[in-house]
Amino acid sequence: MRILIAEDNRFFRRLLEANLKQWGHEVVSCEDGAEAWEILQKSDCPHLAILDWEMPRMLGIEVCKAVREQKNQPYIYLILLTAKTQKDDLVVGLDSGADDYLTKPFEPVELQVRLRAATRIIQLQEDLVSALRAAEVRAKEDSLTGLWNHSAIVEMLKREIERSFRQQRSLGIIMCDIDHFKRINDTFGHLEGDRSLKRVAEIIRTNLRQYDSVGRYGGEEFLVILPDCNAIQTVTLAERLREMVSCDVRLVMHDDVHLTVSFGATSIEAGSNINWEAAIRIADEALYEAKRNGRNRVVL
Ligand code: GH3
Ligand code: MG
Ligand code: MG
Ligand code: MG
Ligand code: MG
């Protein structure tokens with residue numbers, strides 16, 4: 001564990017450092033409260049801080065208060081170090097945001113056991129944060145294809161439209177729809193349908209640049225967002241995707257059946273102020289045109 005020691009008394013500071021290092025912790029130490037507060041605001045700050053109460057420039061309890069008031073920072077476990085005479089003030093200490101306290105002079109074994117308790121809390125907190133992050137990602141993901149789901153890709157479209165307007169750049173948009181997919185399901189079953197749907201998703205995903213995005217807009221429809229792409233670049237990519245799918249995607253049990261996709265492509269020109277619904281409408285119209293003209297094609 002990475003631990004901050006803030007203690008102006010050199011004897012106690014050295015003692016703490018020696019103990020913590022001996023138990024395998026990584027130690028950062030400082031001599032006053034203001035320095036401690038500075039360290040605890042950094043993005044890679046320690047998981048735990050042992051703060052002396054009486055320190056120059058900023059008291060330990062003031063550091064506790066400041067830490068608890070800052071938002072968007074992982075939880076830092078705070079142990080307040082007090083002289084015995086301050087024991088009556090513990091209410092104040094804990095109310096200022098400390099999780100625990102240690103009275104000077106302390107027995108190393110007491111420090112050790114309090115650190116073990118802290119480790120349990122910190123571990124719990126970290127597990128909670130990673131579970132939350134995983135849930136956030138899952139909530140944006142389409143479970144079948146692993147692409148962004150409908151609401152996530154629409155959010156991205158809104159964001160990218162705003163960004164490209166702000167930065168005076170063009171934005172490519174492609175709406176893709178698998179051809180005669182109902183027939184595939186009806187003839188070969190939904191499992192085959194699902195499998196080929198996943199394969200189409202994978203082909204699209206692996207042929208995009210790092211900053212492009214693709215989501216499952218609907219059942220067998222995908223929305224591709226291409227920052228900084230003009231109409232020609234957008235159509236070129238759509239054409240490449242079309243060709244790859246039509247050559248590559250065959251059904252497992254019936255490899256003479258090729259899957260095809262129709263594409264409606266559009267590009268919002270740099271500086272044109274258009275909302276996301278209008279952009280979708282334009283891509284949709286191009287897609288219907290592609291379907292009307294015989295499918296397995298790209299229309300701009
Ligand atoms: P078109 O070429 O005009 O697009 O014809 P289509 O049959 O693809 O279009 P339609 O919209 O009539 O049918 C879409 C089908 O996609 C219907 C639905 O059963 C199927 N579908 C949607 N989501 C899934 C899915 O998750 N798995 C499978 N297997 N099929 C799906
Ligand atoms: Mg002191
Ligand atoms: Mg459809
Ligand atoms: Mg379809
Ligand atoms: Mg249809």
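This is a predicted model, so every value here is computed, not measured. Counting convention: from 1, in listed order, for ligands and their atoms alike.
- Residues Glu136 and Arg133 are not paired through a salt bridge, judged by the lack of any N-O separation under 4.0 Å between the basic side chain and the carboxylate.
- For the Mg ion (ligand 2), protein N, O or S atoms closer than 2.8 Å were enumerated as Asp8 OD1, Asp52 OD2, Glu54 O, with waters left out.
- Geometry about the Mg ion (ligand 4) gives an angle of 100° between OE1 of Glu220 and O of Ile178, rounded in steps of 10 degrees.
- Restricting Asp177 to its N, O or S atoms, the one at the least distance from the Mg ion (ligand 4) is OD1.
- With a 6.0 Å cutoff to the six-membered ring centre and a 45° limit on the axis angle, Arg114 counts as a cation-pi contact of Tyr101.
- Between Lys65 and Glu62 there is no salt bridge, since no side-chain nitrogen of the basic residue lies less than 4.0 Å from a carboxylate oxygen of the acidic one.
- Distances from the Mg ion (ligand 3) to each N, O or S atom of Glu221 single out OE2 as the nearest.
- The cationic atom of Arg195 (NZ for Lys, CZ for Arg) does not lie both less than 6.0 Å from the six-membered ring centre of Phe188 and within 45° of the ring axis.
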**Message:** I'd like to know whether Lys104 forms a side chain to side chain contact (heavy atoms under 4.5 Å, CB included) with Phe12, so could you lay out the CA-CA distance, the side-chain angles of the two residues, the decisive distance to 0.1 Å, and finally the verdict.
**Reply:** CA-CA 9 Å; Lys104 286 193 279 194; Phe12 280 115; 3.5 Å; yes

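- A side-chain donor-acceptor contact under 3.5 Å links Ser170 to the backbone of Cys229.
- The pair Arg57-Asp8 does not meet the salt-bridge criterion, since no charged nitrogen lies less than 4.0 angstrom from a carboxylate oxygen.
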